[in-house]
K.L.:
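Here it is: the structure, laid out below.
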Amino acid sequence: MSVDPALVPKRKLYTGALMPAIGLGTFGSDRVPAEGVAQAVSGALEVGYRHFDCASVYGNEDRIGEVLRGFPREELWITSKLWNDKHAPEDVVHSCEQSLADLRTDYLDAYLVHWPFPNFHARGADVTSRSPDARPYIHREYMETWRQMERLVDLGLVRHIGTSNTTIPKLELLLRDARIPPAVNEMELHPHFQQPELFDYVRGRGIEPIGFCPIGSPTRPDRDRTPEDTVDIEDPVVVGIARDHGVHPAVICVKWAVQRGQTPIPFSDRRNEYESNIDSVVSDALTEDEMRAIAGIDKKDRLIKGQVFLWKANQSWEDLWDPDGVIVGGG
Ligand SMILES: NC(=O)c1ccc[n+]([C@@H]2O[C@H](COP(=O)([O-])OP(=O)(O)OC[C@H]3O[C@@H](n4cnc5c(N)ncnc54)[C@H](OP(=O)(O)O)[C@@H]3O)[C@@H](O)[C@H]2O)c1
């Protein structure tokens, strides 16, 4: 079932660079250790993946780098991300250089600011924990970080820079002040959380949306679950379409994502799963009716709420996402 990478659709970024329209996620969370994720990267290369979504905080770039070493670099798309504890201007270049060393590469195709807050938490922290100097979004500080991201492009260490977990009001300020605008925005996107306003906003400004948790992250840790969460792969519409196509509902989520125009980065350490995910983007397209049916099941159900990045006790997670179109708490 292996897929010819040349057949995988590509997204053209504002620089003219082509990014494969599906990537492999590499966040093993509490479940899959670094070695298991590295094995998945190795298997994914064999079945046709050329795009890998990495991050320093996933704690496995060094093992992934050992797998990527020796593979023709120009055939790969490698993303990494600056973690929240490295926003200080003096830390950005160093943090990127560490990811480059770990991933055994001279440059990254994309480097993203993982969250627009310098707030972080201990590994495995529960959702009520707050870092001692946690604070809201402060645009002046974010721009100091962004100037260093721009410097990474100037230094030739990074080809594109981008945002993640951001909002329209924050992007408005960034686009006003950036010398090098973001080329990609990584955001949660799956059938039950389609974010049409942000999706249209970024695409309208030449920023490619990369969709994380494209299957609704069914194996995410308990700390990222709340009672009101819904399950994409149990949705009757998704299940019905999957039955008609003879595939798992997860595959329909991936297929829908690519056809809608975002770049999903599903994770799995099971070969049959990551293989069927990439196969789904080159075969047996969804019909317009099926695409419309899935467009109709958005439940505005954000799964990765980000509670540990809040800056006050007893605060609502919604404050991270500027629900009224105004940046909450900072500015
Ligand atoms: N920028 C950010 O802040 C951010 C946040 C979250 C995630 N991410 C990125 O997004 C990636 C994906 O997110 P995610 O892993 O949380 O969620 P996901 O890709 O939506 O879900 C992954 C889970 O779906 C199941 N699955 C995958 N393919 C399947 C298939 N073909 N059939 C059946 N089940 C399948 C697997 O569970 P089983 O193993 O049980 O089958 C797998 O563990 C991460 O690895 C990371 O790179 C980025």
Side-chain angles (χ1 to χ4, degrees), residues 1 22-32 34 36-41 43-44 47 49 51-61 64 77-84 110-117 119-121 162-166 182 184-193 195 209-221 223-225 229-234 238-239 242 245-257 262-281 301-309 320-321:
M1 198 210 276
I22 179 172
L24 185 79
T26 66
F27 179 42
S29 189
D30 309 339
R31 233 169 26 94
V32 184
V37 174
Q39 273 174 23
V41 169
V47 303
Y49 285 82
H51 174 169
F52 297 94
D53 181 75
C54 307
S56 55
V57 74
Y58 300 163
N60 52 24
E61 289 189 326
I64 291 172
W77 181 280
I78 307 177
T79 295
S80 184
K81 313 187 194 86
L82 179 77
W83 187 235
N84 306 2
Y111 195 52
L112 318 183
V113 181
H114 207 144
W115 286 81
F117 308 94
N119 311 337
F120 53 95
H121 58 92
T163 46
S164 174
N165 295 303
T166 195
V184 296
N185 178 54
E186 198 164 304
M187 55 196 280
E188 182 178 329
L189 287 172
H190 43 94
H192 283 182
F193 193 58
Q195 303 211 63
I210 296 177
F212 70 70
C213 301
I215 297 163
S217 198
T219 46
R220 67 191 181 284
R223 63 174 179 276
D224 284 332
R225 292 177 194 270
D229 290 350
T230 61
V231 183
D232 300 72
I233 56 177
E234 291 174 5
V238 176
V239 170
H245 287 258
V247 294
H248 190 280
V251 169
I252 296 302
C253 295
V254 173
K255 214 184 251 302
W256 167 79
Q262 63 232 31
T263 295
I265 44 171
F267 172 68
S268 178
D269 62 337
R270 299 174 210 258
R271 191 179 177 106
N272 66 312
E273 291 184 356
Y274 56 71
E275 194 165 20
S276 47
N277 290 343
I278 193 166
D279 183 64
S280 78
V281 309
D301 180 28
R302 188 188 291 280
L303 302 174
I304 307 302
K305 300 175 177 69
Q307 295 93 327
V308 289
F309 306 119
L320 294 168
W321 305 102

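None of the values given here were measured: they were computed from a predicted structure. Order of appearance sets the numbers: ligands from 1, and atoms from 1 within every ligand.
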K.L.:
So Trp115 and Phe309, would you call those rings parallel, tilted or perpendicular, with 30° and 60° as cut-offs?
P.N.:
tilted
K.L.:
Looking only at atom types and distance, does a side-chain atom of Glu186 sit under 3.5 Å from a main-chain N or O of Asn165, one as donor and one as acceptor?
P.N.:
no
K.L.:
Any atoms of ligand 1 less than 4.0 Å from a non-hydrogen atom of His114? List them with their elements.
P.N.:
1 (N), 2 (C), 3 (O)
K.L.:
Can you check whether Glu186 has an N/O within less than 3.5 Å of an N/O in ligand 1?
P.N.:
yes
K.L.:
Please write down residue, atom name and distance for the protein heavy atom closest to atom 12 (C) of ligand 1.
P.N.:
Ile265 O, 3.2 Å
K.L.:
Measure Glu188 to ligand 1 on non-hydrogen atoms and call it side chain, backbone, both or neither using the 4.0 Å cut-off.
P.N.:
neither
K.L.:
Give the minimum heavy-atom separation between Trp321 and Lys305, together with the two atoms involved.
P.N.:
NE1-O, 3.0 Å
K.L.:
Just let me know how Ser164 lines up against ligand 1, side chain, backbone, both or neither, with a heavy-atom cut-off below 4.0 Å.
P.N.:
side chain
K.L.:
Could you tell me whether the side chain of Ser80 and the main chain of Tyr111 form a donor-acceptor pair under 3.5 Å?
P.N.:
no
K.L.:
Do you know which two heavy atoms are closest between Glu188 and Cys213, and how far apart they sit?
P.N.:
CG-CB, 4.4 Å
K.L.:
Could you tell me how the ring of Tyr274 sits relative to the ring of Tyr49: parallel (under 30°), tilted (30 to 60°) or perpendicular (over 60°)?
P.N.:
perpendicular
K.L.:
Quick check: does Val251 get an N/O under 3.5 Å from an N/O on ligand 1?
P.N.:
no
K.L.:
Just to be sure I read this right, does ligand 1 sit under 4.0 Å from the backbone of Ile233, its side chain, both, or neither, counting only heavy atoms?
P.N.:
neither
K.L.:
I need the minimum non-hydrogen distance between Ile233 and Val239, along with the two atoms involved.
P.N.:
O-CG2, 3.4 Å
K.L.:
Can you check which of Tyr58, Phe52, Phe267, Phe212 brings a heavy atom nearest to atom 46 (C) of ligand 1?
P.N.:
Tyr58
K.L.:
Taking distance alone, with no angle check, do Pro214 and ligand 1 share an N/O pair under 3.5 Å?
P.N.:
yes
K.L.:
Between Asn60 (side chain) and Ala34 (backbone), is there a donor-acceptor pair under 3.5 Å?
P.N.:
no
K.L.:
For atom 21 (O) of ligand 1, state which one of Pro218, Ala242, Pro266, Pro249 supplies the nearest heavy atom.
P.N.:
Pro218
K.L.:
Which pair of non-hydrogen atoms, one from Lys81 and one from Cys54, has the smallest distance, and what is that distance?
P.N.:
NZ-O, 3.1 Å
K.L.:
Among Thr26, Asp53, Val184, find the residue that satisfies the side chain to side chain contact (heavy atoms under 4.5 Å, CB included) test when tested with Thr79.
P.N.:
Asp53
K.L.:
Which residue and non-hydrogen atom of the protein lie closest to atom 45 (O) of ligand 1, and at what distance in Å?
P.N.:
Phe27 N, 3.0 Å
K.L.:
Relative to ligand 1, is Arg270 under 4.0 angstrom through side chain, backbone, both or neither, heavy atoms considered?
P.N.:
side chain
K.L.:
Give me the nearest non-hydrogen protein atom to atom 47 (O) of ligand 1 as residue plus atom name, then the distance to 0.1 Å.
P.N.:
Asp53 OD2, 2.7 Å
K.L.:
Could you tell me whether Thr219 approaches ligand 1 through its side chain, its backbone, both or neither, with non-hydrogen atoms closer than 4.0 Å?
P.N.:
side chain
K.L.:
Could you tell me whether Tyr274 approaches ligand 1 through its side chain, its backbone, both or neither, with non-hydrogen atoms closer than 4.0 Å?
P.N.:
neither
K.L.:
Which part of Thr26 is near ligand 1, with near meaning a heavy atom under 4.0 Å away: side chain, backbone, both or neither?
P.N.:
backbone
K.L.:
Does Ser268 use its side chain to pair, donor to acceptor, with the backbone of Arg270 at less than 3.5 Å?
P.N.:
yes
K.L.:
Identify the protein heavy atom lying closest to atom 3 (O) of ligand 1, giving its residue, its atom name and the separation to 0.1 Å.
P.N.:
Asn165 ND2, 2.8 Å
K.L.:
Looking only at protein heavy atoms, which one is nearest to atom 13 (O) of ligand 1, and what is the separation?
P.N.:
Cys213 N, 3.5 Å
K.L.:
Looking at Arg225 and Arg220, would you say the former's side chain and the latter's main chain have a donor-acceptor pair under 3.5 Å?
P.N.:
yes
K.L.:
Of the side chain and backbone of Asn277, name the one, both, or neither that has a heavy atom under 4.0 Å from an atom of ligand 1.
P.N.:
side chain
K.L.:
Among protein heavy atoms, which lies nearest atom 16 (O) of ligand 1, and at what distance?
P.N.:
Ser217 OG, 2.7 Å
K.L.:
Report the part of Ala250 (side chain from C-beta onward, or backbone N, CA, C, O) that has a heavy atom under 4.0 Å from ligand 1; answer both or neither where that applies.
P.N.:
side chain
K.L.:
Could you tell me which atoms of ligand 1, counted from 1 in the order shown, lie closer than 4.0 angstrom to a heavy atom of Ser276?
P.N.:
31 (N)
K.L.:
Can you tell me if Asn84 uses its side chain to pair, donor with acceptor, with the backbone of Asn119 under 3.5 Å?
P.N.:
yes
K.L.:
Identify the protein heavy atom lying closest to atom 20 (O) of ligand 1, giving its residue, its atom name and the separation to 0.1 Å.
P.N.:
Ile215 N, 2.7 Å
K.L.:
On a heavy-atom basis, which atom in Pro191 and which in Pro214 lie closest, and how many Å separate them?
P.N.:
CD-O, 3.9 Å
K.L.:
Is the contact between Glu273 and ligand 1 made by the side chain, the backbone, both, or neither, using heavy atoms and a 4.0 Å cut-off?
P.N.:
both
